[in-house]
Amino acid sequence: MQNHVRTEMDGILKGIRPFFHQIKCIKPFVFEGTYSNGFKVIIKGALNREVLIKQIELSMCCPSSFVTFIPFVDGDWVKESNSVYWACMEFMPGRSLFYSVKEERQLALEKVAQFHEETTGHQFRNIPTMSLKQKWTNRLLRFTSSVQPELFSAEQNSLLKRYTKIGEDVLRQMNVDDLEKEAFQNGYIVHGDPAHHNFIFHHHSLLLIDGDLAVHAPKEYDYLQMLNRMLPYCSWSLDEWVNNQIPALNYCFTNTSLRRLLAYPADFYREWLMEPSGRSQLLTKTMEQDADRTAFMKLVLQ
């Protein structure tokens with residue numbers, strides 16, 4: 001099996017390997033490359049060339065908030081090897097953020113706000129638009145079609161039914177078309193995946209990485225996703241953000257339509273679909289927080 005994987009990696013790296021003295025795998029489609037002079041870069045792969053092009057453009061207009069892309073030594077920004085496209089990022093040692101730490105949650109929110117500010121007003125050719133309702137509808141459909149009640153207890157099935165109904169109720173009353181249209185007209189861009197592991201923190205430097213999902217969308221969408229990931233560490237309370245200074249984050253609380261979206265269990269559906277073998281553990285973890293989360297969902301749905 002390892003030989004098969006190694007052969008496959010050698011195949012997709014064939015076109016770029018001659019440029020490097022050493023290439024070390026970090027994770028699928030992400031490698032550490034070392035030139036003969038010892039200079040290191042991160043080599044990022046994608047099946048779609050435009051995914052890399054948009055991140056290269058983002059890095060040029062977001063020097064303070066997004067990782068820096070640099071060309072290969074021959075001046076090319078993107079290279080193709082066996083139908084995989086590759087680009088180089090500046091090597092930056094560091095670690096991810098911890099959303100379990102209050103100070104790091106605030107750092108993440110401020111960095112995303114800076115990213116929004118730096119991208120506003122720039123013209124990009126490779127940034128698509130998105131429909132959050134369509135994305136969430138597809139996720140819910142995938143979730144419901146994957147549930148096998150016979151595998152779980154009555155209590156677990158009760159939770160699954162409640163979380164399904166909440167998702168359906170949120171989608172039924174979801175009305176964000178005008179907000180999305182305004183975001184596109186104003187050229188707003190969101191990172192699209194501001195998870196804790198998509199920040200890199202080194203000494204006093206913090207940058208966003210992995211802009212594969214960057215799209216034209218309301219700024220609030222990044223904050224909705226971040227809150228969904230942070231709330232489990234805050235006992236499902238919004239108190240921490242009551243006096244924040246980020247307008248788009250505040251709008252998630254003051255706008256009734258956006259506030260209701262906080263009830264959508266995006267994290268639960270995502271983890272369920274990404275890790276089928278861990279569904280029993282996910283249910284156990286979710287049931288431990290269910291009282292706090294249910295009270296929160298009732299509050300934001302009022």
Side-chain angles (χ1 to χ4, degrees), residues 51 54-55 57-59 61-67 96-99 101-122 124 126-136 139 170 174 176-201 206-234 238 240-242 244-255 257-267 269-271 300:
V51 168
K54 74 175 177 181
Q55 292 180 77
E57 292 182 350
L58 285 172
S59 78
C61 72
C62 304
S64 300
S65 61
F66 192 67
V67 65
S96 303
L97 289 182
F98 295 108
Y99 280 176
V101 178
K102 180 178 180 180
E103 291 77 13
E104 298 201 9
R105 293 195 291 271
Q106 184 61 31
L107 284 175
L109 292 164
E110 291 172 355
K111 185 56 59 173
V112 166
Q114 188 178 36
F115 175 83
H116 293 162
E117 183 178 346
E118 288 191 316
T119 55
T120 299
H122 290 272
F124 297 93
N126 300 282
I127 305 288
T129 58
M130 73 163 291
S131 164
L132 185 61
K133 186 170 186 177
Q134 181 178 346
K135 177 182 177 180
W136 279 5
R139 181 175 292 180
V170 170
M174 190 172 179
V176 292
D177 291 350
D178 289 343
L179 196 64
E180 290 181 350
K181 187 182 299 182
E182 180 184 350
F184 178 72
Q185 291 171 345
N186 291 331
Y188 295 154
I189 294 169
V190 297
H191 179 273
D193 190 15
H196 74 281
H197 55 261
N198 283 334
F199 293 85
I200 185 162
F201 186 50
L206 177 64
L207 294 173
L208 279 156
I209 61 174
D210 197 356
D212 289 19
L213 301 182
V215 290
H216 282 293
K219 299 175 184 179
E220 290 80 6
Y221 285 5
D222 269 344
Y223 298 117
L224 289 172
Q225 185 177 159
M226 296 176 82
L227 290 168
N228 181 255
R229 293 175 180 273
M230 293 175 176
L231 280 162
Y233 299 107
C234 307
L238 296 173
E240 181 176 319
W241 301 287
V242 169
N244 81 85
Q245 303 298 311
I246 303 174
L249 176 59
N250 279 324
Y251 200 49
C252 293
F253 309 140
T254 59
N255 180 280
S257 296
L258 287 171
R259 183 181 171 90
R260 289 181 58 84
L261 301 186
L262 290 168
Y264 185 85
D267 58 318
Y269 299 155
R270 180 180 59 248
E271 290 186 44
V300 296

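One-based numbering along the sequence shown. Scope of the values below: all heavy atoms of this structure, side chains included, with no hydrogens, waters or symmetry mates.
- Between Tyr221 and Val215, the closest side-chain pair of non-hydrogen atoms is not below 4.5 Å.
- Asp177 CG to Lys133 NZ: the interatomic distance, rounded to the nearest 0.5 Å, is 7.5 Å.
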Exercise for the section: Check step by step if side chain to side chain contact (heavy atoms under 4.5 Å, CB included) holds for His116 and Tyr223. Expected result: CA-CA 11 Å; His116 293 162; Tyr223 298 117; 3.5 Å; yes

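- Going from atom CZ of Phe199 over to atom OG of Ser65 covers 10.0 Å, rounded to the nearest 0.5 Å.
- Interatomic distance, Phe115 CZ to Leu207 CG, rounded to the nearest 0.5 Å: 11.5 Å.
- Minimum interatomic distance between Phe66 and Leu208 (heavy atoms only, all atoms of both residues): CD1-O, 3.4 Å.
- Contact record, His191 with Ile209: NE2-O, 2.8 Å, taken as the closest heavy-atom pair.
- Between the side chain of Asn186 and the backbone N or O of Glu182 there is at least one donor-acceptor pair closer than 3.5 Å.
- Counting only distance, with no hydrogens or angles, the side chain of Lys219 and the backbone of Leu249 share no donor-acceptor pair below 3.5 Å.
- In this structure a side-chain-to-backbone donor-acceptor pair under 3.5 Å is missing from Asp212 to Val51.
- Separation of atoms CG (Leu132) and CD (Glu220) is listed at 11.5 Å; rounding is to 0.5 Å.
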Practice task
Run the numbers on Met226 and Leu109 for side chain to side chain contact (heavy atoms under 4.5 Å, CB included), then give the verdict.
Solution key: CA-CA 8 Å; Met226 296 176 82; Leu109 292 164; 3.9 Å; yes

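- By the 4.5 Å heavy-atom criterion applied to side chains, Leu179 and Asn255 are not counted as neighbours.
- Between the side chains of Gln114 and Glu118, no donor N or O sits under 3.5 Å from an acceptor N or O.
- Within the model, atoms CZ of Arg229 and CZ of Arg105 stand 14.5 Å from one another, a figure rounded to the nearest 0.5 Å.
- Using a 4.0 Å cut-off between charged nitrogen and carboxylate oxygen, Lys102 and Glu240 do not count as a salt-bridge pair.
- By the 6.0 Å contact criterion, OH on Tyr251 is open, its count of non-hydrogen atoms from other residues, nucleotides or ligands being 12 or less.
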Practice task
Begin from the C-alpha positions of Thr119 and Cys62 and carry the test side chain to side chain contact (heavy atoms under 4.5 Å, CB included) through to its verdict.
Solution key: CA-CA 7 Å; Thr119 55; Cys62 304; 3.3 Å; yes

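- Here the shortest heavy-atom pairing between Glu104 and Phe98 reads OE1-N, 2.7 Å.
- Atoms CG and CG, from Leu238 and Leu231 in turn, are 5.5 Å apart once rounded to the nearest 0.5 Å.
- Here the side chains of Ile127 and His122 are not in contact, with every heavy-atom distance at 4.5 Å or above.
- A donor-acceptor distance shorter than 3.5 angstrom exists from the side chain of Lys54 to the backbone of Ala214, with no hydrogens or angles considered.
- Nearest heavy atom pair, residue Ala108 against residue Leu97, reads CB-CD1, 3.7 Å.
- Counting heavy-atom neighbours within 6.0 Å of Glu117 CD, excluding the residue itself, gives a total of 12 or less.
- Put simply, the side chain of Asp193 never gets that close to the backbone of Leu213: no donor and acceptor are under 3.5 Å apart.
- Arg139 is linked by a side-chain hydrogen bond (donor to acceptor under 3.5 Å, both in side chains) to nothing, counting only residues two or more places apart in sequence or in another chain.
- Remark: the backbone N or O of Gly192 is paired with a side-chain donor or acceptor of Asp222 at under 3.5 angstrom.
- Using the six-membered ring where Trp is involved, Tyr264 and Tyr269 have ring planes that are perpendicular, over 60° apart on the 30 and 60° scheme.
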Practice task
Kindly determine whether Leu227 and Trp241 satisfy side chain to side chain contact (heavy atoms under 4.5 Å, CB included), including the steps that lead there.
Solution key: CA-CA 10 Å; Leu227 290 168; Trp241 301 287; 3.7 Å; yes

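- Shown here for Ser96 and His196, the closest heavy-atom pair between the two residues is CB-O, 3.5 Å.
- Across all their heavy atoms, Pro194 and Tyr99 have their closest contact at O-OH, 2.6 Å.
- Dense packing is recorded around CZ of Phe253, with more than 12 heavy atoms of other residues, nucleotides or ligands lying under 6.0 Å away.
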